Amino acid sequence: MKFELLKTSENSRARAGIITTAHGNIETPIFMPVGTAGSVKGIHTRDLKEDIKAQIILGNTYHLYLRPGIGVIEKAGGLHKFNRWDRPILTDSGGYQVFSLGDIRKLSEEGARFQSHIDGSYHMFTPENVIDTQRAIGADIIMAFDECSPGDADYNYAKKSLELTQRWLERCFARFKQTEPKYGYSQTLFPIVQGNTYKNLRKEAVAHVKNFDADGYAIGGLSVGEAEEVMYEMTEVCTAGLPAGKPRYLMGVGTPINILESIERGIDMFDCVMPTRNGRNGMLFTSKGIINIKNKKWGNDHSPIDENGSSFVDQYSKSYLRHLIISNEMLGAQIASQHNLAFYLWLVGTARQKIIDGGFESWKKEMVIQLKVRL
RNA sequence: GGGAAGAUACCGAAGCGGUCAAACGGGGCAGACUGUAAAUCUGUUGGCUCAGCCUUCGUAGGUUCGAAUCCUGCUCUUCCCA
(Lines give C-alpha, C1' and ligand atoms only; values in the text may rest on other atoms or scores of the structure.)
Protein backbone atom coordinates (compact mmCIF):
# COMPACT_ATOMS: atom_id res chain seq x y z
CA MET A 1 0.00 0.00 0.00
CA LYS A 2 1.18 3.48 -0.84
CA PHE A 3 -0.04 6.91 0.20
CA GLU A 4 0.57 10.09 -1.70
CA LEU A 5 -0.25 13.32 0.07
CA LEU A 6 -1.44 15.66 -2.65
CA LYS A 7 -2.25 18.74 -0.65
CA THR A 8 -2.50 20.03 2.88
CA SER A 9 -4.75 23.00 3.47
CA GLU A 10 -3.02 26.25 4.34
CA ASN A 11 -5.61 27.09 6.99
CA SER A 12 -6.06 23.80 8.81
CA ARG A 13 -4.78 20.25 9.04
CA ALA A 14 -7.14 19.13 6.25
CA ARG A 15 -5.44 17.01 3.61
CA ALA A 16 -6.16 15.41 0.27
CA GLY A 17 -4.31 12.36 -0.87
CA ILE A 18 -4.45 9.09 -2.70
CA ILE A 19 -3.97 5.57 -1.41
CA THR A 20 -2.87 2.88 -3.81
CA THR A 21 -3.76 -0.74 -3.11
CA ALA A 22 -3.74 -3.98 -5.05
CA HIS A 23 -7.46 -3.52 -5.67
CA GLY A 24 -7.27 0.07 -6.83
CA ASN A 25 -6.90 3.60 -5.59
CA ILE A 26 -8.67 5.41 -2.80
CA GLU A 27 -8.98 9.16 -2.92
CA THR A 28 -8.82 10.71 0.53
CA PRO A 29 -10.48 11.96 2.57
CA ILE A 30 -12.75 8.98 2.13
CA PHE A 31 -15.77 7.42 3.78
CA MET A 32 -15.84 3.62 3.85
CA PRO A 33 -19.29 1.99 3.97
CA VAL A 34 -19.52 -0.70 6.64
CA GLY A 35 -20.20 -4.23 5.44
CA THR A 36 -19.91 -6.11 8.69
CA ALA A 37 -21.02 -9.53 7.56
CA GLY A 38 -19.57 -9.22 4.08
CA SER A 39 -22.36 -7.02 2.76
CA VAL A 40 -23.18 -3.37 3.04
CA LYS A 41 -26.68 -4.02 4.31
CA GLY A 42 -29.20 -3.73 1.54
CA ILE A 43 -26.83 -2.49 -1.16
CA HIS A 44 -25.57 -4.37 -4.23
CA THR A 45 -21.92 -3.99 -5.18
CA ARG A 46 -23.05 -2.54 -8.51
CA ASP A 47 -24.82 0.33 -6.75
CA LEU A 48 -21.96 0.72 -4.31
CA LYS A 49 -19.58 1.28 -7.21
CA GLU A 50 -21.58 3.00 -9.88
CA ASP A 51 -24.12 4.98 -7.91
CA ILE A 52 -22.69 5.55 -4.44
CA LYS A 53 -19.12 5.67 -5.75
CA ALA A 54 -17.70 3.79 -2.80
CA GLN A 55 -13.99 3.17 -3.17
CA ILE A 56 -13.44 0.82 -0.25
CA ILE A 57 -15.72 -1.06 2.13
CA LEU A 58 -15.33 -2.72 5.50
CA GLY A 59 -15.77 -6.24 6.71
CA ASN A 60 -15.64 -7.52 10.27
CA THR A 61 -13.39 -10.31 11.50
CA TYR A 62 -15.57 -11.35 14.42
CA HIS A 63 -18.76 -11.56 12.40
CA LEU A 64 -17.25 -13.31 9.39
CA TYR A 65 -15.40 -15.72 11.63
CA LEU A 66 -18.66 -16.77 13.30
CA ARG A 67 -20.66 -16.77 10.08
CA PRO A 68 -20.10 -18.12 7.48
CA GLY A 69 -16.81 -19.20 9.06
CA ILE A 70 -13.31 -18.57 7.80
CA GLY A 71 -13.12 -21.93 6.03
CA VAL A 72 -15.92 -20.88 3.71
CA ILE A 73 -14.24 -17.60 2.86
CA GLU A 74 -10.91 -19.31 2.20
CA LYS A 75 -12.62 -21.83 -0.06
CA ALA A 76 -14.17 -18.92 -1.95
CA GLY A 77 -10.71 -17.45 -2.44
CA GLY A 78 -11.05 -14.57 -0.02
CA LEU A 79 -13.70 -12.03 0.76
CA HIS A 80 -13.31 -10.14 -2.52
CA LYS A 81 -14.27 -13.26 -4.46
CA PHE A 82 -16.91 -14.27 -1.96
CA ASN A 83 -18.88 -11.03 -2.06
CA ARG A 84 -17.81 -9.98 -5.58
CA TRP A 85 -16.39 -6.62 -4.51
CA ASP A 86 -13.21 -6.07 -6.50
CA ARG A 87 -12.17 -2.78 -4.95
CA PRO A 88 -10.26 -2.43 -1.68
CA ILE A 89 -11.56 -3.92 1.55
CA LEU A 90 -10.60 -3.11 5.12
CA THR A 91 -11.41 -5.52 7.92
CA ASP A 92 -11.87 -4.54 11.50
CA SER A 93 -10.17 -6.91 13.89
CA GLY A 94 -12.96 -7.56 16.34
CA GLY A 95 -11.57 -4.98 18.73
CA TYR A 96 -14.82 -3.09 18.61
CA GLN A 97 -16.68 -6.25 19.61
CA VAL A 98 -14.48 -6.36 22.72
CA PHE A 99 -16.35 -3.17 23.55
CA SER A 100 -19.83 -3.73 22.13
CA LEU A 101 -20.13 -7.34 23.30
CA GLY A 102 -18.69 -6.41 26.67
CA ASP A 103 -21.22 -8.50 28.58
CA ILE A 104 -20.26 -11.74 26.90
CA ARG A 105 -16.48 -11.55 26.76
CA LYS A 106 -13.57 -11.83 29.15
CA LEU A 107 -10.22 -10.15 28.65
CA SER A 108 -6.87 -11.59 29.58
CA GLU A 109 -3.27 -10.99 28.62
CA GLU A 110 -3.63 -13.74 26.06
CA GLY A 111 -6.63 -12.20 24.31
CA ALA A 112 -10.39 -11.97 24.51
CA ARG A 113 -12.65 -14.91 25.18
CA PHE A 114 -16.01 -14.38 23.52
CA GLN A 115 -19.34 -16.00 23.67
CA SER A 116 -20.91 -16.03 20.25
CA HIS A 117 -23.91 -13.69 20.16
CA ILE A 118 -25.48 -16.21 17.79
CA ASP A 119 -25.35 -19.48 19.71
CA GLY A 120 -23.50 -18.74 22.94
CA SER A 121 -20.51 -20.91 22.02
CA TYR A 122 -17.08 -19.88 23.34
CA HIS A 123 -14.27 -18.53 21.18
CA MET A 124 -10.85 -17.10 21.89
CA PHE A 125 -9.46 -14.15 19.94
CA THR A 126 -5.76 -13.41 20.28
CA PRO A 127 -3.60 -10.91 18.40
CA GLU A 128 -2.09 -13.85 16.52
CA ASN A 129 -5.25 -15.62 15.44
CA VAL A 130 -6.93 -12.35 14.54
CA ILE A 131 -4.06 -11.63 12.13
CA ASP A 132 -4.34 -15.15 10.75
CA THR A 133 -8.06 -14.72 10.28
CA GLN A 134 -7.59 -11.42 8.48
CA ARG A 135 -4.99 -13.05 6.25
CA ALA A 136 -7.66 -15.62 5.37
CA ILE A 137 -10.29 -13.01 4.73
CA GLY A 138 -7.81 -11.25 2.50
CA ALA A 139 -8.63 -7.60 3.12
CA ASP A 140 -6.23 -5.04 1.68
CA ILE A 141 -6.03 -3.20 4.97
CA ILE A 142 -6.27 -5.18 8.18
CA MET A 143 -6.50 -3.86 11.70
CA ALA A 144 -4.61 -4.62 14.87
CA PHE A 145 -6.49 -6.34 17.67
CA ASP A 146 -7.14 -3.75 20.37
CA GLU A 147 -9.31 -3.06 23.33
CA CYS A 148 -11.74 -0.26 22.63
CA SER A 149 -12.35 1.04 26.14
CA PRO A 150 -15.68 2.63 27.06
CA GLY A 151 -16.00 6.42 26.86
CA ASP A 152 -16.50 6.76 30.60
CA ALA A 153 -13.49 4.68 31.67
CA ASP A 154 -11.40 6.21 34.45
CA TYR A 155 -7.73 7.03 34.00
CA ASN A 156 -6.40 3.86 35.57
CA TYR A 157 -8.60 1.65 33.46
CA ALA A 158 -7.73 3.61 30.32
CA LYS A 159 -4.00 3.36 31.07
CA LYS A 160 -4.10 -0.39 31.70
CA SER A 161 -6.25 -0.86 28.64
CA LEU A 162 -3.83 1.10 26.49
CA GLU A 163 -0.89 -0.90 27.77
CA LEU A 164 -2.67 -4.13 26.95
CA THR A 165 -3.48 -2.83 23.47
CA GLN A 166 0.19 -1.91 23.04
CA ARG A 167 1.40 -5.38 24.00
CA TRP A 168 -1.18 -6.87 21.69
CA LEU A 169 0.04 -4.56 18.94
CA GLU A 170 3.61 -5.92 19.27
CA ARG A 171 2.21 -9.40 18.86
CA CYS A 172 0.03 -8.40 15.91
CA PHE A 173 3.01 -7.03 14.02
CA ALA A 174 5.17 -10.01 14.94
CA ARG A 175 2.57 -12.37 13.55
CA PHE A 176 1.94 -10.18 10.54
CA LYS A 177 5.63 -10.30 9.62
CA GLN A 178 5.79 -14.06 10.08
CA THR A 179 2.91 -14.70 7.72
CA GLU A 180 2.26 -14.21 4.02
CA PRO A 181 -0.81 -13.07 2.12
CA LYS A 182 -2.88 -16.01 0.91
CA TYR A 183 -4.20 -14.71 -2.37
CA GLY A 184 -1.24 -13.23 -4.20
CA TYR A 185 -1.67 -9.54 -3.38
CA SER A 186 -0.21 -7.59 -0.50
CA GLN A 187 -1.98 -6.64 2.70
CA THR A 188 -1.08 -3.96 5.19
CA LEU A 189 -1.63 -3.73 8.92
CA PHE A 190 -2.79 -0.55 10.64
CA PRO A 191 -2.08 -0.06 14.33
CA ILE A 192 -4.74 1.62 16.44
CA VAL A 193 -4.12 4.55 18.77
CA GLN A 194 -6.05 4.15 22.00
CA GLY A 195 -5.83 6.15 25.23
CA ASN A 196 -9.45 7.03 25.76
CA THR A 197 -10.03 10.71 26.57
CA TYR A 198 -6.67 11.31 28.26
CA LYS A 199 -4.31 13.53 26.31
CA ASN A 200 -1.12 12.16 27.75
CA LEU A 201 -2.22 8.60 27.07
CA ARG A 202 -3.10 9.51 23.51
CA LYS A 203 0.32 11.11 23.03
CA GLU A 204 1.98 8.06 24.49
CA ALA A 205 -0.05 5.84 22.21
CA VAL A 206 0.89 7.89 19.17
CA ALA A 207 4.59 7.65 20.04
CA HIS A 208 4.33 3.91 20.52
CA VAL A 209 2.46 3.26 17.35
CA LYS A 210 4.99 5.18 15.26
CA ASN A 211 7.62 2.57 16.13
CA PHE A 212 6.03 0.18 13.68
CA ASP A 213 6.43 2.35 10.60
CA ALA A 214 3.03 1.23 9.33
CA ASP A 215 1.44 2.28 6.04
CA GLY A 216 -1.34 4.01 7.93
CA TYR A 217 -2.55 4.70 11.45
CA ALA A 218 -5.95 4.37 13.00
CA ILE A 219 -7.44 6.26 15.91
CA GLY A 220 -9.84 4.15 17.92
CA GLY A 221 -11.83 4.42 21.09
CA LEU A 222 -13.64 7.60 20.12
CA SER A 223 -17.32 8.18 19.52
CA VAL A 224 -18.05 5.70 22.28
CA GLY A 225 -19.99 7.98 24.60
CA GLU A 226 -17.65 10.92 25.22
CA ALA A 227 -18.68 14.51 24.39
CA GLU A 228 -18.09 15.58 20.80
CA GLU A 229 -15.73 18.35 21.81
CA VAL A 230 -13.61 15.81 23.64
CA MET A 231 -13.58 13.60 20.59
CA TYR A 232 -12.35 16.49 18.43
CA GLU A 233 -9.70 17.39 20.95
CA MET A 234 -8.41 13.81 21.12
CA THR A 235 -8.46 13.56 17.35
CA GLU A 236 -6.30 16.62 17.04
CA VAL A 237 -3.87 15.41 19.69
CA CYS A 238 -3.41 12.29 17.59
CA THR A 239 -3.16 13.85 14.14
CA ALA A 240 -0.67 16.41 15.44
CA GLY A 241 1.66 13.59 16.39
CA LEU A 242 1.19 11.13 13.55
CA PRO A 243 3.46 11.20 10.51
CA ALA A 244 2.15 13.47 7.78
CA GLY A 245 3.03 11.08 4.99
CA LYS A 246 0.70 8.31 6.18
CA PRO A 247 -3.10 8.15 6.11
CA ARG A 248 -5.02 8.52 9.38
CA TYR A 249 -8.19 6.56 9.92
CA LEU A 250 -10.68 7.68 12.56
CA MET A 251 -12.58 4.53 13.38
CA GLY A 252 -16.34 4.50 13.67
CA VAL A 253 -16.92 8.19 13.02
CA GLY A 254 -19.48 9.51 12.49
CA THR A 255 -22.15 12.05 11.74
CA PRO A 256 -21.62 14.22 8.66
CA ILE A 257 -20.60 17.06 10.97
CA ASN A 258 -18.17 14.81 12.86
CA ILE A 259 -16.59 13.90 9.55
CA LEU A 260 -16.12 17.49 8.39
CA GLU A 261 -14.73 18.53 11.76
CA SER A 262 -12.35 15.60 11.73
CA ILE A 263 -11.20 16.23 8.17
CA GLU A 264 -10.30 19.72 9.30
CA ARG A 265 -8.23 18.14 12.06
CA GLY A 266 -6.28 15.97 9.65
CA ILE A 267 -8.22 12.71 9.28
CA ASP A 268 -8.19 10.90 5.94
CA MET A 269 -10.40 7.85 6.41
CA PHE A 270 -13.75 7.22 8.09
CA ASP A 271 -16.25 4.45 8.55
CA CYS A 272 -19.55 4.42 10.35
CA VAL A 273 -22.75 2.40 10.44
CA MET A 274 -24.78 5.56 10.71
CA PRO A 275 -25.72 6.07 7.05
CA THR A 276 -26.98 2.50 6.74
CA ARG A 277 -28.41 1.84 10.17
CA ASN A 278 -30.01 5.23 10.61
CA GLY A 279 -31.19 5.04 7.03
CA ARG A 280 -32.97 1.76 7.70
CA ASN A 281 -34.53 3.45 10.70
CA GLY A 282 -35.83 6.35 8.65
CA MET A 283 -33.19 9.05 9.08
CA LEU A 284 -31.88 10.75 5.97
CA PHE A 285 -28.85 12.99 5.77
CA THR A 286 -29.00 15.67 3.10
CA SER A 287 -27.10 18.83 2.22
CA LYS A 288 -30.12 20.80 3.49
CA GLY A 289 -30.34 19.01 6.82
CA ILE A 290 -31.70 15.91 8.49
CA ILE A 291 -35.01 14.32 7.57
CA ASN A 292 -36.90 11.85 9.73
CA ILE A 293 -38.87 10.37 6.86
CA LYS A 294 -41.23 8.61 9.28
CA ASN A 295 -42.66 11.94 10.41
CA LYS A 296 -46.24 12.56 9.41
CA LYS A 297 -45.39 15.81 7.65
CA TRP A 298 -43.80 13.95 4.72
CA GLY A 299 -46.89 11.83 4.17
CA ASN A 300 -48.07 13.80 1.19
CA ASP A 301 -44.83 15.48 0.13
CA HIS A 302 -44.21 14.31 -3.40
CA SER A 303 -40.98 16.21 -3.93
CA PRO A 304 -37.72 14.24 -4.38
CA ILE A 305 -35.91 12.90 -1.31
CA ASP A 306 -32.97 15.15 -2.22
CA GLU A 307 -33.36 17.13 -5.41
CA ASN A 308 -29.63 17.81 -5.64
CA GLY A 309 -28.62 14.33 -4.52
CA SER A 310 -26.08 12.39 -6.52
CA SER A 311 -27.87 9.03 -6.41
CA PHE A 312 -30.65 7.91 -8.69
CA VAL A 313 -32.68 6.94 -5.63
CA ASP A 314 -32.85 10.62 -4.69
CA GLN A 315 -35.58 11.10 -7.28
CA TYR A 316 -38.00 8.91 -5.35
CA SER A 317 -40.47 11.10 -3.50
CA LYS A 318 -40.47 11.64 0.24
CA SER A 319 -44.05 10.44 0.35
CA TYR A 320 -43.16 7.17 -1.36
CA LEU A 321 -40.11 6.53 0.80
CA ARG A 322 -42.10 7.28 3.94
CA HIS A 323 -44.74 4.83 2.78
CA LEU A 324 -42.13 2.12 2.16
CA ILE A 325 -40.39 2.58 5.50
CA ILE A 326 -43.61 2.82 7.49
CA SER A 327 -44.87 -0.30 5.74
CA ASN A 328 -41.64 -2.07 6.51
CA GLU A 329 -41.01 -2.72 2.83
CA MET A 330 -37.45 -3.86 2.15
CA LEU A 331 -37.08 -1.33 -0.62
CA GLY A 332 -37.49 1.51 1.84
CA ALA A 333 -34.44 0.48 3.84
CA GLN A 334 -32.50 0.04 0.60
CA ILE A 335 -33.38 3.45 -0.79
CA ALA A 336 -32.65 5.22 2.49
CA SER A 337 -29.32 3.43 2.91
CA GLN A 338 -28.32 4.11 -0.66
CA HIS A 339 -29.23 7.77 -0.39
CA ASN A 340 -27.29 8.22 2.85
CA LEU A 341 -24.20 6.45 1.56
CA ALA A 342 -24.25 8.47 -1.65
CA PHE A 343 -24.54 11.60 0.46
CA TYR A 344 -21.61 10.60 2.66
CA LEU A 345 -19.46 9.90 -0.39
CA TRP A 346 -20.55 13.16 -1.95
CA LEU A 347 -19.63 14.94 1.27
CA VAL A 348 -16.09 13.58 1.50
CA GLY A 349 -15.58 13.92 -2.25
CA THR A 350 -16.59 17.56 -2.15
CA ALA A 351 -14.42 18.15 0.91
CA ARG A 352 -11.52 16.69 -1.02
CA GLN A 353 -12.11 18.97 -3.98
CA LYS A 354 -12.37 21.99 -1.70
CA ILE A 355 -9.08 21.07 -0.04
CA ILE A 356 -7.39 20.78 -3.42
CA ASP A 357 -8.93 23.94 -4.82
CA GLY A 358 -8.68 25.87 -1.55
CA GLY A 359 -11.59 27.15 0.50
CA PHE A 360 -12.32 23.99 2.42
CA GLU A 361 -12.66 25.74 5.77
CA SER A 362 -15.28 28.27 4.71
CA TRP A 363 -17.27 25.64 2.83
CA LYS A 364 -17.11 23.37 5.86
CA LYS A 365 -18.36 26.14 8.12
CA GLU A 366 -21.40 26.68 5.94
CA MET A 367 -22.09 22.96 5.65
CA VAL A 368 -21.94 22.41 9.40
CA ILE A 369 -24.67 25.02 9.87
CA GLN A 370 -26.81 23.41 7.21
CA LEU A 371 -26.24 19.87 8.46
CA LYS A 372 -27.64 20.76 11.87
CA VAL A 373 -31.00 21.69 10.41
CA ARG A 374 -33.88 19.36 11.13
CA LEU A 375 -36.17 19.44 8.16
C1' G B 1 -88.98 -21.00 15.47
C1' G B 2 -85.60 -22.99 19.69
C1' G B 3 -80.88 -22.63 22.23
C1' A B 4 -75.93 -20.65 23.45
C1' A B 5 -72.21 -17.00 23.59
C1' G B 6 -70.98 -12.08 23.14
C1' A B 7 -70.93 -6.33 22.58
C1' U B 8 -64.44 -2.85 26.38
C1' A B 9 -60.55 2.96 24.04
C1' C B 10 -58.43 3.70 16.46
C1' C B 11 -58.40 -2.15 15.77
C1' G B 12 -57.83 -6.95 18.29
C1' A B 13 -58.18 -8.47 23.18
C1' A B 14 -57.74 -8.93 29.01
C1' G B 15 -60.49 -7.38 33.17
C1' C B 16 -65.87 -9.74 35.91
C1' G B 17 -67.95 -5.11 42.89
C1' G B 18 -63.61 -0.68 45.13
C1' U B 19 -56.32 -0.73 44.23
C1' C B 20 -59.70 0.83 36.42
C1' A B 21 -58.82 6.14 32.30
C1' A B 22 -58.91 0.30 32.14
C1' A B 23 -53.35 -5.18 31.26
C1' C B 24 -51.27 -6.93 26.59
C1' G B 25 -50.75 -6.87 20.96
C1' G B 26 -51.37 -4.16 16.60
C1' G B 27 -51.99 0.58 14.44
C1' G B 28 -50.94 5.99 15.16
C1' C B 29 -47.52 9.86 16.87
C1' A B 30 -42.58 11.18 18.43
C1' G B 31 -37.43 10.16 19.92
C1' A B 32 -32.77 7.37 19.80
C1' C B 33 -29.02 5.09 16.76
C1' U B 34 -21.20 6.78 15.60
C1' G B 35 -14.64 0.43 14.06
C1' U B 36 -23.47 -3.07 13.20
C1' A B 37 -25.82 -8.79 18.85
C1' A B 38 -30.04 -3.20 15.36
C1' A B 39 -35.24 -4.03 8.75
C1' U B 40 -33.67 -2.41 16.05
C1' C B 41 -34.76 -0.02 20.65
C1' U B 42 -37.40 3.75 23.79
C1' G B 43 -41.43 6.97 24.97
C1' U B 44 -46.40 8.21 24.14
C1' U B 45 -51.53 7.15 22.57
C1' G B 46 -59.90 9.77 26.14
C1' G B 47 -60.42 15.30 27.45
C1' C B 48 -59.02 19.48 30.37
C1' U B 49 -57.69 25.35 33.43
C1' C B 50 -53.20 18.46 34.06
C1' A B 51 -49.43 16.23 41.47
C1' G B 52 -56.24 17.59 40.33
C1' C B 53 -60.77 17.25 37.81
C1' C B 54 -64.29 15.70 33.92
C1' U B 55 -66.40 12.09 30.42
C1' U B 56 -65.74 6.84 28.86
C1' C B 57 -66.35 -0.26 28.77
C1' G B 58 -73.58 -1.48 23.05
C1' U B 59 -78.18 1.15 25.02
C1' A B 60 -82.08 2.54 28.80
C1' G B 61 -83.11 1.70 33.65
C1' G B 62 -82.11 -0.65 38.50
C1' U B 63 -79.27 -2.80 42.96
C1' U B 64 -75.08 -0.82 45.96
C1' C B 65 -71.60 3.74 50.11
C1' G B 66 -69.26 2.33 45.30
C1' A B 67 -70.51 -0.88 38.72
C1' A B 68 -66.67 -2.13 32.76
C1' U B 69 -67.81 -5.88 36.49
C1' C B 70 -74.45 -7.75 39.64
C1' C B 71 -80.03 -7.48 37.91
C1' U B 72 -83.98 -6.18 34.07
C1' G B 73 -85.68 -4.37 29.25
C1' C B 74 -84.07 -3.10 24.41
C1' U B 75 -80.67 -3.10 20.03
C1' C B 76 -77.05 -5.56 17.39
C1' U B 77 -73.33 -9.68 16.37
C1' U B 78 -71.66 -14.76 16.11
C1' C B 79 -72.45 -19.96 16.60
C1' C B 80 -75.55 -24.49 17.16
C1' C B 81 -80.34 -27.09 16.43
C1' A B 82 -84.88 -27.08 13.37
Side-chain angles (χ1 to χ4, degrees), chain A residues 31-43 56-64 66-67 89-105 114-120 130 134 139 141-149 151 165 190-194 218-228 231-232 235 248-259 261-262 267 269-285 290 292-299 322 324-337 340 344 374:
Chain A
F31 177 80
M32 309 181 282
V34 179
T36 305
S39 92
V40 176
K41 292 187 193 300
I43 310 291
I56 170 173
I57 63 172
L58 260 67
N60 183 279
T61 303
Y62 167 83
H63 291 275
L64 292 168
L66 287 182
R67 240 176 3 198
I89 294 177
L90 180 152
T91 40
D92 186 28
S93 61
Y96 185 74
Q97 280 64 42
V98 174
F99 162 70
S100 69
L101 301 177
D103 296 339
I104 50 174
R105 60 93 174 125
F114 282 103
Q115 253 185 295
S116 160
H117 68 278
I118 299 163
D119 63 6
V130 159
Q134 293 185 94
I141 300 172
I142 70 176
M143 301 304 300
F145 190 54
D146 64 334
E147 183 194 0
C148 177
S149 59
T165 289
F190 280 19
I192 301 172
V193 174
Q194 287 291 344
I219 300 165
L222 292 177
S223 68
V224 287
E226 78 285 2
E228 289 198 332
M231 174 170 91
Y232 297 144
T235 299
R248 296 93 172 245
Y249 164 29
L250 180 56
M251 306 183 77
V253 173
T255 66
I257 292 173
N258 290 161
I259 287 175
E261 294 290 355
S262 303
I267 298 294
M269 304 164 71
F270 300 90
D271 79 282
C272 190
V273 304
M274 198 170 267
T276 43
R277 181 192 287 167
N278 289 31
R280 286 197 300 282
N281 294 330
M283 185 173 184
L284 305 179
F285 298 97
I290 293 168
N292 181 348
I293 201 65
K294 291 197 277 196
N295 286 171
K296 192 189 184 103
K297 61 184 168 190
W298 308 115
R322 171 176 145 88
L324 293 178
I325 291 208
I326 294 248
S327 310
N328 213 13
E329 285 290 324
M330 289 186 286
L331 184 60
Q334 292 174 343
I335 290 172
S337 299
N340 280 346
Y344 267 61
R374 293 230 161 207

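Throughout, protein chains are lettered first and strands after them, A, B, ... in sequence-line order, and every chain is numbered starting at 1. These values consider heavy atoms only, across backbone and side chains, with no hydrogens, waters or symmetry-generated copies. On a predicted model such as this, the values are computed, not experimentally measured, just so you know.
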> Counting any heavy atom closer than 4.0 Å, what does Leu58(A) reach on the DNA or RNA strands: base, sugar-phosphate only, or nothing?
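Sugar-phosphate, backbone atoms only, no base.
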> Using whole Å, what does the distance between atom C1' of nucleotide U40(B) and atom CD1 of Ile325(A) come to?
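So the CD1-C1' distance, Ile325(A) to U40(B), works out to 13 Å.
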> With rounding to whole Å, what would you report as the distance between G62(B) and C80(B) at their P atoms?
38 Å
> In whole angstrom, give the distance that lies between atom CD1 of Ile43(A) and atom C1' of U36(B).
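Whole-Å distance recorded here is 15 Å.
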> Could you give the distance from CD (Gln115(A)) to CG (Asp103(A)), rounded to the nearest 0.5 Å?
10.5 Å
> Answer with base, sugar-phosphate or nothing: what part of the nucleic acid does Gly221(A) contact at a heavy-atom distance below 4.0 Å?
base
> Does Thr255(A) have a side-chain nitrogen or oxygen under 4.0 Å from the phosphate oxygens OP1 or OP2 of U34(B)?
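No, outside the criterion.
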> Asn340(A) side chain to Pro275(A) main-chain N or O, any donor-acceptor pair under 3.5 Å?
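Answer holds: yes.
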> Under the 3.5 Å rule, do the base of U36(B) and the side chain of Thr276(A) count as making a donor-acceptor pair?
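Such a pair exists between side chain and base.
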> Please give the distance between the P atoms of A37(B) and U45(B) as a whole number of Å.
33 Å
> Counting only Watson-Crick or G-U wobble pairs whose two distances fall under 3.5 Å, which nucleotide matches C33(B)?
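WC or wobble partner does not exist here.
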> Enter the distance from Leu101(A):CG to His117(A):NE2 here, rounded to the nearest 0.5 Å.
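Between atom CG of Leu101(A) and atom NE2 of His117(A) there are 7.0 Å.
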> Between Tyr249(A) and Asp271(A), does the side chain to side chain donor-acceptor pair (under 3.5 Å) criterion hold? Intermediate values first, please.
CA-CA 8 Å; Tyr249(A) 164 29; Asp271(A) 79 282; 2.7 Å; yes
> Expressed in angstrom and rounded to an integer, what is the separation of Asn60(A) atom CG from A38(B) atom P?
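These atoms are roughly 11 Å apart.
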> Need the pair for U56(B). Rule: Watson-Crick or G-U wobble, both distances under 3.5 Å, any strand; none if unpaired.
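The base-pairing partner of U56(B), which may sit in any strand shown, does not exist here.
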> Take atom CG of Asn328(A) and atom C1' of G26(B), then tell me their distance rounded to the nearest Å.
13 Å
> Mind calculating the distance between CD (Glu226(A)) and C1' (G35(B)) to the nearest angstrom?
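Rounding to the nearest Å, CD of Glu226(A) and C1' of G35(B) are 13 Å apart.
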> Between G46(B) and U42(B), how far apart are the two C1' atoms, rounded to whole Å?
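Rounded to whole Å, the distance is 23 Å.
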> How many angstroms lie between CD1 in Ile325(A) and CE in Met283(A), if you round to the nearest 0.5 Å?
12.5 Å
> Closer than 4.0 Å, any side-chain N/O of Thr36(A) to the OP1 or OP2 of U36(B)?
yes
> Do Asp146(A) and Tyr96(A) have side-chain atoms, one donor and one acceptor, less than 3.5 Å apart?
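Checked: Asp146(A)/Tyr96(A) side chains show no N/O donor-acceptor pair below 3.5 Å.
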> In whole Å, measure the gap between the C1' atoms of G2(B) and C10(B) for me.
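The same atom, C1', in both gives a distance of 38 Å.
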> Taking atom C1' in both A5(B) and U19(B), what distance in whole Å separates the two?
31 Å
> Provide, to the nearest angstrom, the distance between the CE atom belonging to Met231(A) and the P atom belonging to U34(B).
12 Å
> Look up atom CD1 in Ile89(A) and atom CD in Gln134(A), then write down how far apart they are to the nearest 0.5 Å.
12.0 Å
> Does Gln97(A) put a side-chain nitrogen or oxygen below 4.0 Å from OP1 or OP2 of G35(B)?
no
> In the structure shown, which nucleotide is the Watson-Crick or G-U wobble counterpart of A68(B), with both distances under 3.5 Å?
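Here A68(B) is not engaged in any pair, so there is no nucleotide opposite it.
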> Have a look at Ser116(A) and say if it touches a base, only the backbone sugar-phosphate, or nothing, with a 4.0 Å heavy-atom cut-off.
nothing
> Indicate, with a heavy-atom threshold strictly under 4.0 Å, whether Gln115(A) touches base, sugar-phosphate, or nothing.
nothing
> Which residue lies toward the 5' end of RNA chain B, Ala333(A) or Val40(A), if each is placed at its nearest nucleotide?
Val40(A)
> Please tell me which of the listed nucleotides, U34(B), G35(B), A39(B), lies nearest to the side chain of Met251(A)?
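Per side-chain heavy atoms of Met251(A), the pick is G35(B).
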> What does the B/S/- profile of nucleotides 28-33 of chain B look like, 5' to 3', with a 4.0 Å heavy-atom cutoff to protein?
SSSSBB
> Quick one: look up who A21(B) pairs with, Watson-Crick or G-U, both distances under 3.5 Å, and put none if it's unpaired.
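Checking every strand shown, A21(B) finds no partner, since no pair has both distances under 3.5 Å.
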> For the C1' atoms, the ones on C70(B) and on U63(B), what distance do you get once it is rounded to whole angstrom?
8 Å
> Check every atom of U34(B), G35(B), A38(B) against the side chain of His117(A) and return the nucleotide holding the closest atom.
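Among U34(B), G35(B), A38(B), the one nearest the side chain of His117(A) is A38(B).
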> From CZ of Arg280(A) over to C1' of U34(B), roughly how many Å is that when rounded to an integer?
13 Å
> How far, in whole Å, is C54(B) from G66(B) if one measures between their P atoms?
16 Å
> Looking for any heavy atom pair under 4.0 Å, which part of the strands does Glu228(A) touch: base, sugar-phosphate only, or nothing?
base
> Output the distance between atom CZ (Phe145(A)) and atom OG1 (Thr61(A)), rounded to the nearest 0.5 Å.
9.5 Å
> Which pair of non-hydrogen atoms, one from Cys272(A) and one from Val253(A), has the smallest distance, and what is that distance?
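In this case the closest contact between Cys272(A) and Val253(A) is CB-C, 3.8 Å.
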> Going by purine N1 to pyrimidine N3 plus the second Watson-Crick contact, or the G-U wobble pair, all under 3.5 Å, which nucleotide sits opposite G6(B)?
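C76(B) is the nucleotide pairing with G6(B).
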> Measure the spacing between CE of Met274(A) and CZ of Phe285(A) and express it to the nearest 0.5 Å.
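The CZ atom of Phe285(A) is 5.5 Å from CE of Met274(A), to the nearest 0.5 Å.
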> Does C16(B) have a Watson-Crick or wobble mate here (both distances under 3.5 Å), and if so which one?
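Checking every strand shown, C16(B) finds no partner, since no pair has both distances under 3.5 Å.
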> Taking the same atom, P, in G28(B) and in C33(B), what whole-Å distance lies between them?
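That atom pair is separated by 23 Å.
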> Starting at atom CG of Asp103(A), determine the distance to atom C1' of A37(B), rounded to an integer number of angstrom.
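For the pair Asp103(A) CG and A37(B) C1', the rounded distance is 11 Å.
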